[in-house]
Amino acid sequence: MTRKFFVCGNWKMNGSKKSIGELIQTLNTAKLDPNVEVVCAAPAIYLELTRSELDPKFSVAAQNCYIVPSGGFTGEISPAMIKDCGMDWVILGHSTRRHIFGESNEFIGQKIAHAQENDLGVIVCIGETREEKEKGITDQVIFAQMKAIADNVKDWNKVVLAYEAGWAIGTGNAASPQHVQQIHAKVREWLKNNVSEAVANSVRIIYGGSVTGGTCKELASQKDVDGFLVGGASLKPEFIDIINAKA
């Protein structure tokens, strides 16, 4: 089965109306591989601006959501709101949410379930910290995260899994292509054994962790790497090179 290459630019808590406008102009006028699905995850306050100015061939994602439609949850946004403003995706379980804001596997699972109830595609992050890697418990950590995801997914067609090497994020040094391929293959095998072979073959597993224009081509050549979740580089012109990594 051919899995369509998927690249998501996660702008995180960056940007202004001016800089986002310039970035959108760069994307709208760039020559891009038409066989790649591209998503831009803007800060919540700039989601509507991004959706209104970005070419419709791009999708737009929120960077987070809550577990109920509405209510007294100051500062949160719901999947219903995200859909109402024209977005297609939400990023859930990012290492920032897990390790700075203390979100558990169970809580992320609840977010997945509620997002899917609202027909929102989910880009769900998994991955280990440097400490977990050094302890040799990467597989244990990732498989526990995968179980919480699988327990809450109703439609795997609207799921993209993003492996984040937590120890590589923001360092400028991506994990080796061999390490990334090994982890992606293990995740696909877990899906085959715990969900179904069809899901294992069809779900896109993308890599995030200091992906750059210089590292993207070799990473993209790995059998089980179906795209990228791009942080800092998604704010720079090299994001175009990353989108075109398989061209």
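Reckoned from all heavy atoms, side chains included, excluding hydrogens, waters and symmetry mates.
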Participant: For a quick test of reading the model, state the closest non-hydrogen atom pair linking V211 to C216 and the distance between them.
Facilitator: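 It is CG1-CB, 4.1 Å.
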Participant: Ignoring hydrogens and geometry, is there a side-chain-to-backbone donor-acceptor pair from D55 to K57 under 3.5 Å?
Facilitator: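 Side chain of D55 to backbone of K57, a donor-acceptor pair under 3.5 Å: yes, one is there.
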Participant: Got more than 12 heavy atoms from elsewhere within 6.0 Å of NZ, K4?
Facilitator: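 Yes, enclosed.
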Participant: Considering only heavy atoms from C-beta outward, does the side chain of C85 approach that of R51 to under 4.5 Å?
Facilitator: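 They are not in contact (no side-chain heavy atoms under 4.5 Å apart), so the answer is no.
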Participant: I need the minimum non-hydrogen distance between P79 and Y66, along with the two atoms involved.
Facilitator: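 So the two residues come closest at CD-O, 3.5 Å.
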Participant: Please identify which of these residues, E76, E117, E103, E106, meets the salt bridge (charged side-chain N to carboxylate O under 4.0 Å, His left out) condition with K111.
Facilitator: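 It is E103; the other options fail the test.
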Participant: State the OG-CD distance between S176 and Q222, to the nearest 0.5 angstrom.
Facilitator: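 Taking OG in S176 and CD in Q222, the distance rounds to 8.5 Å.
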Participant: Could you state whether V160 and V187 fall into the same hydrophobic cluster, counting links through intermediate Ile, Leu, Val, Met, Phe, Trp or Tyr residues with side-chain heavy atoms under 4.5 angstrom apart?
Facilitator: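 They do not share one cluster, since no chain of ILVMFWY contacts under 4.5 Å joins V160 to V187.
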Participant: Can you name the closest pair of heavy atoms from C125 and I91 and give their distance?
Facilitator: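 Heavy-atom minimum between the residues: SG-CG2, 4.0 Å.
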Participant: Side chains of Q145 and N105 only: does a donor on one sit below 3.5 Å from an acceptor on the other?
Facilitator: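 Not at all, the side chains of Q145 and N105 share no donor-acceptor pair under 3.5 Å.
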Participant: Does one side chain, of W167 or E128, offer a donor that lies under 3.5 Å from an acceptor on the other?
Facilitator: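 W167 vs E128: donor-acceptor pair found between side chains.
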Participant: Is any side-chain heavy atom of S78 closer than 4.5 Å to a side-chain heavy atom of V68?
Facilitator: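 No; the side chains remain at least 4.5 Å from each other.
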Participant: Is there a side chain to side chain contact (heavy atoms under 4.5 Å, CB included) between T215 and T212? Walk through the geometry before answering.
Facilitator: CA-CA 5 Å; T215 61; T212 67; 3.3 Å; yes
Participant: Contact between M146 and L191 at the side-chain level, heavy atoms closer than 4.5 Å - yes or no?
Facilitator: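 Yes, their side chains come closer than 4.5 Å.
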Participant: For the atom pair NE2 (H99) and CZ (R97), what is the distance rounded to the nearest 0.5 Å?
Facilitator: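 Here the interatomic distance stands at 12.5 Å.
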Participant: In terms of hydrophobic clustering (I, L, V, M, F, W, Y; side-chain heavy atoms under 4.5 Å; direct or indirect links), are I142 and I137 co-clustered?
Facilitator: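 Not linked; separate clusters.
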Participant: Kindly assign one of parallel, tilted or perpendicular to the pair H179 and Y163, based on the angle between their ring planes and the thresholds 30° and 60°.
Facilitator: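 Rings of H179 and Y163: tilted, as their planes differ by 30° to 60°.
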Participant: State the CG-NZ distance between L23 and K236, to the nearest 0.5 angstrom.
Facilitator: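 Going from CG on L23 over to NZ on K236, the span is 12.0 Å.
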Participant: Between A61 and V39, which heavy-atom pair has the shortest distance, and what is it?
Facilitator: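 Taking every non-hydrogen atom into account, CB-CG1, 3.6 Å.
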Participant: Would you confirm whether D226, through its side chain, and I205, through its main-chain N or O, come within 3.5 Å as a donor-acceptor pair?
Facilitator: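 Answer holds: yes.
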Participant: Using modelled atom types and a 3.5 Å cut-off, is there a donor and acceptor pairing between side-chain atoms of N194 and backbone atoms of W190?
Facilitator: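 At least one qualifying donor-acceptor pair exists.
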Participant: So if you build clusters from Ile, Leu, Val, Met, Phe, Trp, Tyr with side-chain heavy-atom gaps below 4.5 Å, do I45 and V90 land together?
Facilitator: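 Per the 4.5 Å side-chain linkage, I45 and V90 are co-clustered.
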Participant: If you take all heavy atoms of V203 and V159, which pair is closest and at what distance?
Facilitator: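 Result for this residue pair: CG1-O, 4.2 Å.
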Participant: Any side-chain heavy atom of R204 within less than 4.5 Å of one from L161?
Facilitator: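 With C-beta onward as the side chain, the pair stays apart.
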Participant: Looking at E53 and G21, would you say the former's side chain and the latter's main chain have a donor-acceptor pair under 3.5 Å?
Facilitator: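 Judged by distance alone, no pair lies under 3.5 Å.
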Participant: Measure the spacing between SG of C65 and CG of L92 and express it to the nearest 0.5 Å.
Facilitator: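 Answer rounded to 0.5 Å: 4.5 Å.
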Participant: Which pair of non-hydrogen atoms, one from K192 and one from A200, has the smallest distance, and what is that distance?
Facilitator: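 Result for this residue pair: N-CB, 3.5 Å.
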Participant: Kindly check if the number of other-residue, nucleotide or ligand heavy atoms within 6.0 Å of NZ (K147) is above 12?
Facilitator: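 No, NZ of K147 has 12 or fewer neighbouring heavy atoms, counting only those of other groups under 6.0 Å.
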Participant: Does the distance from a Lys or Arg side-chain N to an Asp or Glu carboxylate O, for D88 and K158, drop under 4.0 Å?
Facilitator: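 K158 and D88: not salt-bridged.
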Participant: Side chains of V153 and V124: closer than 4.5 Å at any heavy-atom pair?
Facilitator: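 Of all side-chain heavy-atom pairs linking V124 with V153, none is under 4.5 Å.
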Participant: How many angstroms lie between CG in L235 and OG1 in T26, if you round to the nearest 0.5 Å?
Facilitator: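 Atom-to-atom, L235:CG and T26:OG1 are 11.0 Å apart.
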Participant: Within this structure, what is the CD1-CG distance for the pair I242 and L219, rounded to the nearest 0.5 Å?
Facilitator: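 The CG atom of L219 is 10.0 Å from CD1 of I242, to the nearest 0.5 Å.
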Participant: Ignoring hydrogens and geometry, is there a side-chain-to-backbone donor-acceptor pair from S234 to G9 under 3.5 Å?
Facilitator: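 No, the answer is negative, given that no donor and acceptor are paired below the 3.5 Å cut-off.
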Participant: Has S210 got a side-chain atom pairing as donor or acceptor with A168's backbone, closer than 3.5 angstrom?
Facilitator: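 Pair found, side chain donor or acceptor close to backbone of A168.
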Participant: Give the C-alpha distance, both sets of side-chain angles, the deciding distance and a yes or no for side chain to side chain contact (heavy atoms under 4.5 Å, CB included) between W156 and S202.
Facilitator: CA-CA 9 Å; W156 283 98; S202 65; 5.7 Å; no
Participant: Are W89 and V122 in one and the same hydrophobic cluster, where Ile, Leu, Val, Met, Phe, Trp and Tyr link if side-chain heavy atoms are under 4.5 Å apart?
Facilitator: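 Looking at the clustering, V122 is in a separate group from W89.
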Participant: Under the criterion side chain to side chain contact (heavy atoms under 4.5 Å, CB included), I'd like the reasoning laid out for T50 against F58: C-alpha separation, chi angles, the key distance, then a yes or no.
Facilitator: CA-CA 10 Å; T50 301; F58 300 101; over 6 Å; no
Participant: In this structure, would V225 and V36 fall into the same cluster of hydrophobic residues linked by side-chain contacts under 4.5 Å?
Facilitator: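 V225 and V36: one cluster.
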Participant: Okay, side chain of K83, backbone of L120: is any donor-acceptor separation there less than 3.5 Å?
Facilitator: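 Here the side-chain-to-backbone pair does not exist.
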Participant: With a 3.5 Å distance limit and no angle check, can you tell me whether T29 reaches the backbone of Q25 through a side-chain donor-acceptor pair?
Facilitator: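 At least one qualifying donor-acceptor pair exists.
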Participant: For side chain to side chain contact (heavy atoms under 4.5 Å, CB included), just list the numbers for I82 and I77, CA-CA rounded to whole Å, side-chain angles, deciding distance to a tenth of an Å, and then say yes or no.
Facilitator: CA-CA 7 Å; I82 295 166; I77 59 174; 4.0 Å; yes
Participant: Got a donor-acceptor contact below 3.5 angstrom from the E132 side chain to the T129 backbone?
Facilitator: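 Yes; at least one donor-acceptor contact below 3.5 Å.
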Participant: Give me the one residue out of Y207, F6, F5 that meets ring-ring contact (aromatic ring centres under 6.0 Å, His included) with F228.
Facilitator: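 Per the ring-ring contact (aromatic ring centres under 6.0 Å, His included) rule, the option paired with F228 is F5, out of Y207, F6, F5.
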Participant: Applying the side-chain hydrogen bond (donor to acceptor under 3.5 Å, both in side chains) test to D224, which of Q181, K186, H184 qualifies?
Facilitator: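 Only one of Q181, K186, H184 forms a side-chain hydrogen bond (donor to acceptor under 3.5 Å, both in side chains) with D224, namely Q181.
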Participant: Would you say the side-chain atoms of N244 pair up with the backbone N or O of K31, donor to acceptor, closer than 3.5 Å?
Facilitator: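 Looks like yes, one N/O pair under 3.5 Å.
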